[in-house]
Number of protein chains: 2
Amino acid sequence: MTIADTAKSKATQEGQTRNEEIFQTAAELMVQRGYAGTSMGDLAKAVGMTKAGLYHHISSKQDMLLQILLHAMEELESTVIEPAKRIADPEERLREMIRLHVRGLFDHGLETALLFPERRHLEPAQQQVVGQRIQSYRGLIRETLRELADEGKLQDLDINITSSHILQTIAGIARWYRKDAGVTEAQLVEQTVNFNLFAILKVS
Amino acid sequence: MTIADTAKSKATQEGQTRNEEIFQTAAELMVQRGYAGTSMGDLAKAVGMTKAGLYHHISSKQDMLLQILLHAMEELESTVIEPAKRIADPEERLREMIRLHVRGLFDHGLETALLFPERRHLEPAQQQVVGQRIQSYRGLIRETLRELADEGKLQDLDINITSSHILQTIAGIARWYRKDAGVTEAQLVEQTVNFNLFAILKVS
DNA sequence: ACGCACCTACCGATCGGTCGGTAGCCTTAC
DNA sequence: GTAAGGCTACCGACCGATCGGTAGGTGCGT
């Protein structure tokens, strides 16, 4: 072991740090029951510890929410925003953003984004940090819509309102989708892309 | 006063029963902070009473949530579902449903519908009652989409998924809309109707 | 005199969080 | 090889505050 070996190497059965297990479990519980509705005792039990043991890993419930939100935002940026930014054509970019975002709901825990409204439980300064990063995503969608409008491809729609509608159809999936119903992941991606592009693109 | 006079006549400044004031204030608080995040002490203070005084009017927090959800559902049925059912043409019916629903977000407190996921805090039997009535609304949308498909007017879209997308664009408005921004109510109604109809209607 | 609307004072339970410990592993010294 | 020391990961027991809810009373309009 050298100074270079800074990695925390303790892993659980699935190659997850105990810390990661805690944050992920917390995110799942909070998505189901909300921030206020999830007690630290419940969370401790869910990861197989006592509350005191849990507090060895985290500093407070509030800080845990902040970490969860920041991590979700980073995941969104690296798996959706950055790849999309590299696409020049606005129509193809929007198509890819929706596709990547919906896929991310399954592959990377992007459903955690449902917790963003819970940022009201954070300190104002922290709320602002999280809020700004969300706005930058909305900004990318608006910019893409504006480029489409410049090309004459956009329907007669308000860009601000439309960007919200698009985001709601995507984020909304995590609210209503239950995998027991007869809807496959691939279907959901395709249908959501089509729904939104049918809505905004002028017929050529 | 006769037996026929069953109306509770105590009214506050705006012609509201104390009971109505409590339920409406509770609904507003819960939409902002969630069911678990809203304490009965907060609610009591918001209506200018003590907690004990509040409990003179209601039986329990849980029952209050049930009443709020049932009332929201009745409002939705009388102002959106019933009027829409009387329209024969499916395209016009869908258009009117969206228009009435979005308008209702402002005129009748239809934003209360954001509390429907909170029905998980109710007893299973009550959850089912509320859940069924929501499904009947979704059923009407699906039926309307199916009629459009029969007429050959529907895009190549899955009816189940599309009905969810439509509902999310409408309900989602109550999540992101803040009246301070430069968006008028009329704009919002028009844009939401257009967005969804652009999405689902085949170009003729 | 009666009941409605409301109060003060309180209940047991649960909340987020902390305290002082301890079992087991890893390193270092001899 | 092994004992000492330290560190990580946890635990039982507990804290003050707040939770949903209640008991018993007061004042007021009819």
A.B. asks: Do side-chain atoms of Q191(B) reach the backbone of I161(A) as a donor and acceptor pair under 3.5 angstrom?
C.D. replies: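 Here the side-chain-to-backbone pair does not exist.
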A.B. asks: Answer yes or no: is there an ion pair linking R93(B) with E96(B), defined by an N-O contact shorter than 4.0 Å?
C.D. replies: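 The answer is no: the pair does not qualify as a salt bridge.
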A.B. asks: Using a cut-off of less than 4.0 Å, is there contact between a side-chain N or O of H56(B) and OP1 or OP2 of dA5(C)?
C.D. replies: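 For dA5(C), OP1 or OP2 has a side-chain N or O of H56(B) closer than 4.0 Å.
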A.B. asks: Can you tell me the distance, in whole Å, between the CG atom of L43(A) and the C1' atom of dT14(C)?
C.D. replies: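 These atoms are roughly 16 Å apart.
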A.B. asks: Whether S39(B) contacts dC19(D) is assessed here as follows: a side-chain N or O lying under 4.0 Å from the phosphate OP1 or OP2. Is that the case?
C.D. replies: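 Affirmative; the distance criterion is met.
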A.B. asks: Phosphate oxygens OP1/OP2 of dC4(C): is one of them under 4.0 Å from a side-chain N or O of R18(B)?
C.D. replies: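 No.
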A.B. asks: Can a side chain N or O of H57(B) be found less than 4.0 Å away from OP1 or OP2 on dC6(C)?
C.D. replies: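 So the side chain of H57(B) is within the cut-off, an N or O lying under 4.0 Å from OP1 or OP2 of dC6(C).
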A.B. asks: Identify which nucleotide among dA23(D), dG21(D), dT18(C) has an atom closest to any side-chain atom of S60(B), counting heavy atoms from C-beta outward.
C.D. replies: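 So the side chain of S60(B) is nearest to dG21(D).
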A.B. asks: How close or far is atom C1' of dG20(D) from atom CE of M64(B), stated in whole angstroms?
C.D. replies: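 Atom CE in M64(B) sits about 11 Å away from atom C1' in dG20(D).
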A.B. asks: Measure from CE on M30(A) to C1' on dG16(C) and round the result to the nearest Å.
C.D. replies: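 Nearest whole value for this atom pair: 12 Å.
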A.B. asks: For the residue pair Y137(A) and H101(A), categorise the inter-ring angle as parallel (less than 30°), tilted (30 to 60°) or perpendicular (more than 60°).
C.D. replies: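 Judged by the thresholds at 30° and 60°, the geometry between Y137(A) and H101(A) is tilted.
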A.B. asks: Could you say whether I58(A) or G53(B) is positioned toward the 5' end of DNA chain C, judged by the nucleotide with the nearest heavy atom to each?
C.D. replies: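 Whichever sits nearer the 5' end wins; that is G53(B).
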A.B. asks: Does any donor-acceptor pair link the side chain of K61(A) with the base of dG17(C) at a separation under 3.5 Å?
C.D. replies: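 No pair found.
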A.B. asks: Counting only side-chain nitrogens and oxygens, does T50(B) get under 4.0 Å of the OP1 or OP2 atom of dC6(C)?
C.D. replies: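 Looking at the OP1 and OP2 atoms of dC6(C), neither is under 4.0 Å from any side-chain N or O of T50(B).
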A.B. asks: Could you state the atom-to-atom distance from CD of Q62(B) to C1' of dG20(D) in whole Å?
C.D. replies: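 In whole Å, dG20(D) C1' lies 11 Å from Q62(B) CD.
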A.B. asks: For dG17(C) and Y55(A) - does any side-chain N or O of the residue sit under 4.0 Å from the phosphate oxygens OP1/OP2?
C.D. replies: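 Looking at the OP1 and OP2 atoms of dG17(C), one of them is under 4.0 Å from a side-chain N or O of Y55(A).
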A.B. asks: I need the CG-C1' distance between L54(B) and dT22(D), as an integer number of Å.
C.D. replies: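 Going from CG in L54(B) over to C1' in dT22(D) covers 13 Å.
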A.B. asks: How close or far is atom C1' of dG20(D) from atom NZ of K51(B), stated in whole angstroms?
C.D. replies: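 It works out to 6 Å between those atoms.
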A.B. asks: Assess whether atom NE2 of H71(B) is packed by more than 12 heavy atoms of other residues, nucleotides or ligands within 6.0 Å.
C.D. replies: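 Not buried by this count: 12 neighbours or fewer within 6.0 Å.
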A.B. asks: Expressed in angstrom and rounded to an integer, what is the separation of M40(A) atom CE from dT18(D) atom C1'?
C.D. replies: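 From M40(A) CE to dT18(D) C1': 17 Å.
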A.B. asks: Going by an N to O cut-off under 4.0 Å, is there a salt bridge joining E92(B) and R99(B)?
C.D. replies: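 Salt bridge present between E92(B) and R99(B).
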A.B. asks: Nearest-Å distance, CG (L29(A)) to P (dG16(C))?
C.D. replies: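 To the nearest whole Å, that distance equals 12 Å.
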